[in-house]
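Below you'll find the structure, written out as structure tokens, and then a few comments.
Atoms within each ligand, like the ligands themselves, are counted from 1 in listed order. We count residues from 1, following the sequence as given.
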Amino acid sequence: MIEIEIIQGDITKLTVDAIVNAANCSLLGGGGVDGAIHRAAGPELLRACIPLNGCETVAFPAISCGVYGYPWEAATEIAVKSVREFPAQKVKKVIFCCFGEEMEKLYREKVGSRR
Ligand code: ADP
């Protein structure tokens, strides 16, 4: 089973193998978490990914809960369910990195974890 951790903070400051990005298909790095990831990673991003052979630790922001405007309750439920249904092979740990207390609380409810 994949271990799930919930934290509050800036996803670009985490030491993980991969960050899941909330981006559109242009991958240009606009605002929100996508812009923050692009600013932190810089143009070296793609080159740095080449030697990565799968990822053990993956961080997710609260995808779709910002500019996209998806309802938080449903979005957090879908995110947790999707991770739980994902076959645990290479991925060992998923971190839900929340911007703010309210989002952290929702994720904790969905995962059923206490601080
Ligand atoms: P989307 O289009 O998927 O809604 P956004 O970037 O607008 O994308 O927001 C997604 C979520 O990421 C929001 O909850 C927002 O508060 C959060 N967020 C923005 N910047 C960061 C960051 N640096 N670290 C973690 N979460 C962030």
Item to complete: Report the residue from V111, I6, V83 that forms a side-chain contact (heavy atoms from CB on, under 4.5 Å) with V94.
Response: V83
Item to complete: Not counting sequence neighbours, which residues clear side-chain contact (heavy atoms from CB on, under 4.5 Å) with K93? List them please.
Response: E3, E5, T57, I95
Practice prompt. Under the salt bridge (charged side-chain N to carboxylate O under 4.0 Å, His left out) rule, collect the residues that match up with E101, sequence neighbours excluded.
Written response: none
Discussion item. If hydrophobic clusters are built by linking Ile, Leu, Val, Met, Phe, Trp and Tyr wherever their side-chain heavy atoms come under 4.5 Å apart, do V91 and F96 end up in the same one?
Written reply: yes
Discussion item. Are Y107 and I4 packed together at the side-chain level, in the sense that at least one heavy-atom pair is separated by less than 4.5 angstrom?
Written reply: no
Response to the item:
Residue shell for ligand 1, any heavy atom closer than 4.0 Å, reads G9, D10, I11, A22, G32, V33, A36, A62, I63, S64, C65, G66, V67, Y68, F99
Worksheet item: Tell me, which pairs form a side chain to side chain donor-acceptor pair (under 3.5 Å) where one or both residues lie in residues 62-77, sequence neighbours left out?
Response: E73-K110
